[in-house]
Amino acid sequence: MSSDATYESSRAPEPVGAFPHAKRVGNLLFLSGIGPRVRGSKEIPGVTLDAAGNIVSYDIETQCRAVFENVRLVLEDAGASWGDIVDVTVFLTDMKMDFPIYNRIYPEYFAGAGKPNPTRTTVEVGALPTPIAIELKVIATVASA
């Protein structure tokens with residue numbers, strides 16, 4: 001395995017642009033923004049869209065769990081694991097409404113004994129490239145090649 005390589009997961013949703021799911025540089029693995037979409041479809045777990053593609057309603061807890069699963073798939077397909085996560089940047093489209101729910105779910109996956117306990121930054125954004133309410137940007141460590 002090269003110490004400088006890009007990775008495409010065959011299980012996570014396809015990137016929405018011309019970029020890889022992840023790029024390894026030395027012993028660090030940088031994941032592109034990962035959302036809650038489903039591979040091979042336009043489906044977004046927990047999101048109801050109208051005929052024009054606008055968000056009618058969404059369930060942030062369902063989206064959080066889907067994002068976390070997609071991150072896990074990319075990590076594994078790039079040779080890392082959940083426990084290798086060292087930093088998480090979270091993008092939310094509605095901090096006031098969604099942060100309390102996200103913050104309640106977060107420790108189940110990230111914080112405490114036996115979990116990665118990464119550093120974390122959470123920011124609100126006006127929109128994301130697809131009709132989603134959360135996206136994660138993750139950095140993980142990987143074993144030497």
Side-chain angles (χ1 to χ4, degrees), residues 4-143:
D4 187 359
T6 59
Y7 299 92
E8 295 291 334
S9 171
S10 61
R11 301 180 296 160
E14 301 85 353
V16 297
F19 52 85
H21 281 121
K23 181 172 180 99
R24 178 180 179 162
V25 178
N27 287 355
L28 293 176
L29 184 68
F30 299 87
L31 273 61
S32 295
I34 305 289
R37 294 176 305 110
V38 174
R39 184 172 185 85
S41 76
K42 299 279 189 197
E43 181 188 350
I44 303 168
V47 176
T48 303
L49 302 174
D50 64 17
N54 299 307
I55 299 171
V56 174
S57 65
Y58 68 91
D59 178 340
I60 191 63
E61 181 167 350
T62 299
Q63 285 196 50
C64 286
R65 294 185 190 284
V67 167
F68 298 162
E69 174 64 12
N70 287 341
V71 166
R72 184 186 66 77
L73 295 173
V74 171
L75 287 168
E76 289 176 356
D77 289 351
S81 69
W82 192 260
D84 297 325
I85 297 172
V86 294
D87 183 70
V88 176
T89 302
V90 182
F91 302 95
L92 296 173
T93 57
D94 189 331
M95 186 75 74
K96 185 175 182 182
M97 187 168 75
D98 297 338
F99 182 80
I101 298 165
Y102 159 75
N103 205 41
R104 174 179 52 80
I105 298 165
Y106 183 90
E108 293 178 32
Y109 294 82
F110 293 96
K115 305 217 173 100
N117 297 291
T119 56
R120 182 181 95 177
T121 302
T122 306
V123 296
E124 181 178 70
V125 295
L128 290 163
T130 58
I132 59 177
I134 183 171
E135 182 173 283
L136 262 64
K137 173 89 178 96
V138 173
I139 301 171
T141 58
V142 286

Original post:
Can you name the closest pair of heavy atoms from Gly46 and Thr62 and give their distance?
Top reply: N-CG2, 3.6 Å
Subject >> Side-chain donor or acceptor of Glu14 paired with backbone N/O of Gly40 under 3.5 Å >> reply: yes
Subject >> Over all atoms of both residues, closest heavy-atom pair of Cys64 and Ile105 >> reply: CB-CD1, 4.2 Å
**OP:** Mind checking the CD-OG spacing from Glu76 to Ser9? Nearest 0.5 Å is all I need.
**Re:** 9.0 Å
**OP:** Could you grab the distance from atom CG of Leu31 to atom CG of Leu75, nearest 0.5 Å is fine?
**Re:** 5.0 Å
Original post:
Taking all non-hydrogen atoms of both residues, which atom of Asn117 and which atom of Ala111 are closest, and how far apart?
Top reply: OD1-CA, 3.2 Å
Subject >> Closest non-hydrogen atom pair between Ser32 and Pro20, with its separation >> reply: OG-O, 2.6 Å
Original post:
So how far is it from Lys137 NZ to Phe91 CZ, rounded to the nearest 0.5 Å?
Top reply: 8.0 Å
Original post:
What residues form a side-chain contact (heavy atoms from CB on, under 4.5 Å) with Ala52, not counting sequence neighbours?
Top reply: Asp50, Asn54
Original post:
Can you tell me how far the OG1 atom of Thr93 sits from the CD atom of Glu135, to the nearest 0.5 Å?
Top reply: 11.0 Å
Subject >> Whether Asp98 side chain and Leu92 backbone form a donor-acceptor pair below 3.5 Å >> reply: no
Original post:
Taking only residues two or more places apart in sequence or in another chain, which ones pass side-chain contact (heavy atoms from CB on, under 4.5 Å) with Ile55?
Top reply: Val47, Leu49, Tyr58, Pro131
Original post:
Is there a donor-acceptor pair under 3.5 Å between the side chain of Arg37 and the backbone N or O of Asn70?
Top reply: no
**OP:** Could you walk me through whether Glu69 and Arg65 pass salt bridge (Lys or Arg N to Asp or Glu O under 4.0 Å), step by step?
**Re:** CA-CA 6 Å; Glu69 174 64 12; Arg65 294 185 190 284; over 6 Å; no
Original post:
Can you name the one residue among Arg72, His21, Arg11 that meets side-chain hydrogen bond (donor to acceptor under 3.5 Å, both in side chains) with Asp77?
Top reply: Arg11
Subject >> Arg120 to Phe110, cation-pi by 6.0 Å centre distance and 45° axis angle >> reply: no
Original post:
Minimum heavy-atom separation for Ile60 to Ala133, with atom names?
Top reply: CD1-CB, 3.9 Å
**OP:** Considering non-hydrogen atoms only, spot the tightest contact between Thr141 and Ala80 and give its length.
**Re:** O-CB, 4.1 Å
